[in-house]
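Both ligands and their constituent atoms are indexed starting at 1 by order of listing.
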Amino acid sequence: MATAASPLSTTTLGAANGTSLASPGIHPPVRSICCIGAGYVGGPTCSIIAARCPHIDVTIVDINPARIAAWNSDPDPLTGDLTGLPVFEPGLSDIVKECRGRNLFFSTDVDEAIRKADLVFVSVNTPTKKSGVGAGYAADLHYVESSTRRIAQVATSSKIIVEKSTVPCRTASSMRVILESNSRPGIHFDILSNPEFLAEGTAMRDLQAPDRVLIGSLDTESGQCAADRLSEVYENWVPAERIYMTGLWSSELSKLAANALLAQRISSINSLAAICESTGASIHEVAHACGLDRRIGPQFLQASVGFGGSCFQKDILNLVYLSESLGLTPVANYWKQVIEMNEWSKNRFAHKVVQTLFNTITGKKVAVLGFSFKDNTGDTRESPAITVCRFFRRELARVSIYDPKVPEAQIHADLVDREHDATGVVAPQGTNNVTVCSSALEACKDAEAVVVLSPWREFRCENLDWGHIYENMSKPAFVFDGRAMLDAEKLKKIGFKVHAVGTGPEKTDAWL
Ligand code: UDX
Ligand code: ADP
């Protein structure tokens, strides 16, 4: 990634080749928005903008026609819900139904939407690089680059360009160079950073009442004007005091920093959970005791099998790469440890299952409840369930999985064995010891153990008939609670042998 020594906040067509230098643009109020990328971030974010700003036309575009077709899919004839949307978020269907065709449009015509827009959100994927320089750590920016090139090539008027995707610090400077070098004479761009802090499952709530909206710009007249224009869009529903204007690079880094700090809390509590399991302390009590200190606070101290999701691991790896690139190896090592602790937590939990089931699960039926990386989402990216289920498969268990939202094909795709042939081609080898079930009761029937991996409410003791599950399992019947969310005492009364993350051994052991 380029790191310009003296980056400009604005680019004016012709500035790069010296033909013309138009005065910095004073942007008109935003009336038309294009969002490039109809994914988990772009879709919900721009749907809320459309709902709260009926005077603004919002067009969400994507190069993937299947994804756009899903966003445009018809309501379920019985319920009226838009069940075919490519992203499941509580509340999203209602918002899309309200706005679609009014001032919210989904299209594959990327060029036309860019041309019409006063402001373009770049909301494309930025996965971790799989090969080349920085493989395994750095963000793959080729989707950002190709959409930036597209903007430069097709824009016929000046625009505000907004980085929405999580990007490495100083990506705006690379975008500036691309825009400068490829756009038509007389056209002026300002680049802003406006990272998304929404969490899946609560995205609509997070978007409607955000803790803060961060807008990063450079300190030039047109950069400030662009930031003000974007702020005006949010001020249609966000109180002005929650909109925090920063420098461009601070805004880019803040997104990585916020995710790194959140993930660090989870790795910290999971490291303490391991101590609890060996001492008889309870992680619930320890977390509560620590969280009562206002400087620490109670959020994000829920011990678990490990964190997942598309952001935490990717963003920390990005931070590690940035630190290494800057020669800050101790900083890189510090953040790397958060990921290593997470990997260790997932493996520790999987080993505990095998160890408890008399050191073998070969041929045994293991029921897995929950496959998504958290509740209220069908997203499986970096889900701890993938690591744990792959471990069970390697141990030759028969794995039966139930998740309320993850489609069967996705579970198979995540667990499929792959074999590299001599040419390096990857061939799927199937998932024949994995069964995807349509209910928790079905998944648990005749199982030797139930392993809870995502914290869906429907798995709680008050919502699921655990007595019925017990009656239909092999004995002894084990429950492994990877989310420390079940009422262990109640389960023990039914007859289960229970292991929950962060609890045990029994309080009557040798420590007392
Ligand atoms: C995260 C950030 O919260 C959000 O601000 C950012 O924009 C994107 O990344 P998300 O990945 O959707 O959001 O989910 P989050 O609620 O943060 O949970 C991430 C993972 O940590 C999940 O697997 C969750 O189950 C786990 N988790 C969370 C814990 O194990 N314990 C906790 O206390 C909190
Ligand atoms: P996120 O979680 O960041 O929203 P997703 O993978 O869910 O990431 O969505 C990103 C979307 O961006 C994908 O649907 C992908 O097809 C789309 N996309 C990537 N590059 C481009 C591009 N150049 N033009 C339009 N859409 C793009």
Check ligand 2 for close polar pairs with the protein: N or O on both sides, less than 3.5 Å.
| residue | atom | partner | partner atom | Å |
| --- | --- | --- | --- | --- |
| ligand 2 | 2 (O) | R381 | NH1 | 3.4 |
| ligand 2 | 2 (O) | R381 | NH2 | 3.3 |
| ligand 2 | 4 (O) | Y40 | N | 3.1 |
| ligand 2 | 4 (O) | V41 | N | 2.9 |
| ligand 2 | 7 (O) | Y40 | N | 3.2 |
| ligand 2 | 7 (O) | R67 | NH1 | 3.2 |
| ligand 2 | 9 (O) | R67 | NH1 | 3.2 |
| ligand 2 | 14 (O) | D62 | OD1 | 3.4 |
| ligand 2 | 14 (O) | D62 | OD2 | 2.6 |
| ligand 2 | 14 (O) | R67 | NH1 | 2.8 |
| ligand 2 | 16 (O) | D62 | OD1 | 2.6 |
| ligand 2 | 26 (N) | I63 | N | 3.4 |

[atom]: nearest protein contact (heavy atom, Å):
{"atom": "atom 12 (O) of ligand 1", "value": "E200 N, 2.7 Å"}
{"atom": "atom 11 (O) of ligand 1", "value": "F373 CE1, 3.4 Å"}
{"atom": "atom 14 (O) of ligand 1", "value": "K374 NZ, 3.1 Å"}
{"atom": "atom 8 (C) of ligand 1", "value": "C311 SG, 3.4 Å"}
{"atom": "atom 5 (O) of ligand 1", "value": "F197 O, 2.8 Å"}
{"atom": "atom 31 (N) of ligand 1", "value": "Q302 O, 2.8 Å"}

### Query
So which bit of L198 gets within less than 4.0 Å of ligand 1, heavy atoms only: side chain, backbone, both or neither?
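For L198, the contact with ligand 1 is made by the backbone alone.
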
### Message
As an exercise, identify every atom of ligand 1 less than 4.0 angstrom from a heavy atom of A199.
### Response
3 (O), 12 (O), 13 (O)

### Task
For S304, take its heavy atoms, then give the atoms of ligand 1 lying under 4.0 Å from any of them.
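Near S304, meaning under 4.0 Å from one of its heavy atoms, ligand 1 has 29 (C), 30 (O).
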
### Query
Does ligand 1 have any atom that is closer than 4.0 Å to a heavy atom of R483?
yes

### Query
Do W456 and D403 get their side chains close enough for a donor-acceptor pair, meaning under 3.5 Å?
yes

### Query
Do you know which two heavy atoms are closest between C53 and N236, and how far apart they sit?
SG-ND2, 3.4 Å

### Pairing residues for R150 by the side-chain contact (heavy atoms from CB on, under 4.5 Å) criterion, not counting sequence neighbours
V110, D111, I114, Q153, V154

